[in-house]
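What follows is one structure encoded as structure tokens, with my remarks underneath.
The structure displayed is predicted, hence computed values, not measured ones. All residue numbers in this chain count up from 1 along the given sequence.
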Amino acid sequence: PQSTIAGNCDFVARNDEECLKAVKNLLSFLPQSYLDKPPIVDTGDSPDRCDESLADIVPENPRQAFNMYSIISKVIDNGDLFEIKADFAKNIITGFARLGGYPVGIVANQPMVRAGALDCDVSDKAARFYRTCDCFNIPIISFTDVPGYLPGVAEEHKGIIRHGAKMLYAYREASVPKINCIIRKAYGGSLFAMGSKTMGADMVFSWPSAEIAVMGAEGAVNVLYKKEIEAAEDKEELRKQKAEEYRQKFSTPYWSASVQVVDVIISPPETRPYLIKGLDMLWNKVEERVPRKHGNIPL
């Protein structure tokens, strides 16, 4: 329960040997102190490696889920992800990996669980990991496919606004290099929590399959064209038509790139080389801030 329900444990080991191995693996990603950069390791995996199978990994049906692990494993060095809190709040994946030898913190939505939506536990898990990466100068890499914050009375009573704000605060406060790669859905405030330009992302890449908008096309047309749809003879057909028009005009990554929400639209097989080039450019990032004691995270 401490690792699956309460979320107090980051790792669970079957024996002492496995525990010590995990501790050594964890320490391999961390610097000697906050004054140092984390160690770069030659993993033997080419930084120019592309994976053609990524081109077909996202289903055409936006309601159909896919396994985000299958993308992460093909992009990071040797498919080696050292996951943190693997059994808690499974709708988000957090862990350490390497890209071109650079140590990075991976934060990724998992569409296989609750469609990858953000809830109270996810927000706590991701916020803690963002701050951990920032403590140790480890760049943050996000893989985004998020439909929004999870709705419902239960989450509202648990304080989804307060918990969700922790994730937003932690990302914005982090001064390490931050890169977001939008895979599919990136709706509303949940995009900000995963890493937008307005929240301090240094680079935002997008796959052509991305849908970036305030809300999904179906929900948007129900608001924007409510009277028109109610007056139509074939309500469903008009709703589908308006949804497609909205999607093509406002939800595509090309529109987002035109207003500088997205920096580069990339071919999925080239995700790894682009992320590594971004890390090359941002590795020595220095962010100057106004002196202060500390911010006040919404606890």
Query - side chain to side chain contact (heavy atoms under 4.5 Å, CB included) evaluation trace for S196 with V261 - result: CA-CA 7 Å; S196 67; V261 172; 5.9 Å; no

Restricting to non-hydrogen atoms, name the atom on [X] and the atom on [Y] that form the minimum distance, rounded to 0.1 Å.
X	Y	value
P111	R184	CB-NH2, 4.4 Å
P253	S206	CB-OG, 3.2 Å
G105	C133	CA-SG, 3.8 Å
L118	A193	CD1-CB, 3.8 Å
I266	C181	CD1-SG, 4.3 Å
L299	R162	O-NH1, 3.4 Å

Using modelled atom types only, decide if a donor and an acceptor are shared between the side chain of [X] and the backbone of [Y] within a distance under 3.5 Å.
X	Y	value
K85	S3	no
K185	P62	yes
N8	Q2	no
S142	G195	no
S267	E270	no
N109	D145	yes
E173	Y169	no
S209	I183	yes

Salt bridge between [X] and [Y], side-chain N to carboxylate O under 4.0 Å?
X	Y	value
K227	E230	no
D119	R114	yes
E155	K158	yes
K197	D263	yes
K166	D124	yes
R49	D45	yes
R289	E287	yes

Rounded to the nearest 0.5 Å, what separation is found between the [atom1] atom of [X] and the [atom2] atom of [Y]?
X	Y	atom1	atom2	value
F136	R131	CZ	CZ	12.5 Å
I141	I76	CD1	CD1	11.5 Å
I72	L81	CD1	CG	6.0 Å
E83	D10	CD	CG	11.0 Å
E156	C120	CD	SG	8.5 Å
I71	I93	CD1	CD1	9.5 Å

Report task. Please state whether the rings of W283 and Y102 are parallel, tilted or perpendicular, taking 30° and 60° as the class boundaries. Result -> tilted

Query - Y171 and Y130 aromatic ring geometry - parallel, tilted or perpendicular at 30°/60° bounds - result: perpendicular

Query raised in the report: Could you go step by step and tell me if R272 and D48 meet the salt bridge (charged side-chain N to carboxylate O under 4.0 Å, His left out) rule?
Result: CA-CA 7 Å; R272 173 180 166 83; D48 299 319; over 6 Å; no

**Report entry** Test of ring centre spacing under 6.0 Å for F82 and F11
**Finding:** yes

Report task. Tell me whether the centres of the aromatic rings in F143 and F205 are closer together than 6.0 Å. Result -> no

Query - Donor on one side chain, acceptor on other, D87 and T4, under 3.5 Å - result: no

**Report entry** Check: T271/W207 side-chain N/O donor and acceptor closer than 3.5 Å
**Finding:** yes

Requested in this report: Apply the test ring-ring contact (aromatic ring centres under 6.0 Å, His included) to residues Y187 and Y149: give CA-CA distance (whole Å), side-chain angles for both, the deciding distance (0.1 Å), then the verdict.
Outcome: CA-CA 9 Å; Y187 293 160; Y149 282 94; over 10 Å; no

Report task. Apply the test side chain to side chain donor-acceptor pair (under 3.5 Å) to residues Q110 and N67: give CA-CA distance (whole Å), side-chain angles for both, the deciding distance (0.1 Å), then the verdict. Result -> CA-CA 7 Å; Q110 172 55 298; N67 194 337; 3.0 Å; yes

Query raised in the report: Knowing that exactly one of E236, E237, E228 qualifies, which makes a salt bridge (charged side-chain N to carboxylate O under 4.0 Å, His left out) with K242?
Result: E228

Query - Pairwise side-chain contact, Q241 with L238, heavy-atom cut-off 4.5 Å (strictly under) - result: yes

Query raised in the report: Are I182 and L54 connected, step by step, through hydrophobic side chains (Ile, Leu, Val, Met, Phe, Trp, Tyr) whose heavy atoms are closer than 4.5 Å?
Result: no

Query - Path from F129 to M68 over hydrophobic side-chain contacts below 4.5 Å - result: no

Query raised in the report: Can K277 be said to sit on top of Y274's aromatic six-ring, NZ or CZ under 6.0 Å from centre and within 45° of the ring axis?
Result: yes

Report task. Apply the test salt bridge (charged side-chain N to carboxylate O under 4.0 Å, His left out) to residues D202 and K285: give CA-CA distance (whole Å), side-chain angles for both, the deciding distance (0.1 Å), then the verdict. Result -> CA-CA 10 Å; D202 296 294; K285 171 187 173 183; 2.9 Å; yes

Report task. Decide side chain to side chain donor-acceptor pair (under 3.5 Å) for S53 and D51; before the verdict, give the C-alpha distance in whole Å, the side-chain angles of both, and the deciding distance to 0.1 Å. Result -> CA-CA 5 Å; S53 66; D51 195 314; 2.4 Å; yes

